[in-house]
Trainee: 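Structure below; questions to follow.
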Amino acid sequence: MNLNHNRTLKNVFKGAATTVITQLPNEPLQQDYQRLIDAGTKPNLAKLTIARKIAAIALSMWKSKEKYDLTKHRKQG
């Protein structure tokens, strides 16, 4: 386990994942979550996967100084 992490940011991204999962049924990330659940992934691991995706998107946007583009970050297939 990595003890060198920011608990506040971890909670922010997990909270964002919870919001997407529970309140935004038409969002691609919620659909990704549902695909993971349907494939047999445990709900807590599926939620963590979505939180990591959100973190990766946020980092990418921050580095490139771009606005969120749904089509760019949508999983193909």
Trainee: Which pairs would a plain distance check flag for residues 40-47, meaning a side-chain donor or acceptor within less than 3.5 Å of a matching protein atom at least two apart in sequence or in another chain?
Mentor:
residue : atom : partner : partner atom : Å
Thr41   : OG1  : Leu36   : O            : 3.1
Lys47   : NZ   : Thr18   : OG1          : 2.8

Trainee: Group every Ile, Leu, Val, Met, Phe, Trp and Tyr by side-chain heavy-atom contacts under 4.5 Å, then state whether Val12 and Leu48 land in the same group.
Mentor: no
Trainee: Kindly compute the distance separating NZ (Lys53) from CG (Asp32), expressed to the nearest 0.5 Å.
Mentor: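 Answer rounded to 0.5 Å: 3.5 Å.
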Trainee: Check the pair Gln30 / Asn26 against side chain to side chain donor-acceptor pair (under 3.5 Å), numbers first and verdict last.
Mentor: CA-CA 7 Å; Gln30 200 283 340; Asn26 297 325; over 6 Å; no
Trainee: Which atom pair, heavy atoms only, marks the closest approach of Ala17 to Ala51?
Mentor: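 Smallest heavy-atom distance, with atoms named: CB-N, 3.7 Å.
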Trainee: Would you give the length of the straight line joining atom OH of Tyr33 to atom CG of Leu24, rounded to the nearest 0.5 angstrom?
Mentor: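 One gets 13.5 Å once the value is rounded to the nearest 0.5 Å.
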Trainee: With sequence neighbours excluded, tell me which residues meet side-chain contact (heavy atoms from CB on, under 4.5 Å) with Leu9.
Mentor: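 Testing Leu9 for side-chain contact (heavy atoms from CB on, under 4.5 Å), a comparison that skips the adjacent residues, returns Asn6, Phe13.
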Trainee: Tell me who clusters with Leu59, hydrophobic residues only, linked when side chains sit under 4.5 Å apart either directly or through other members.
Mentor: Trp62
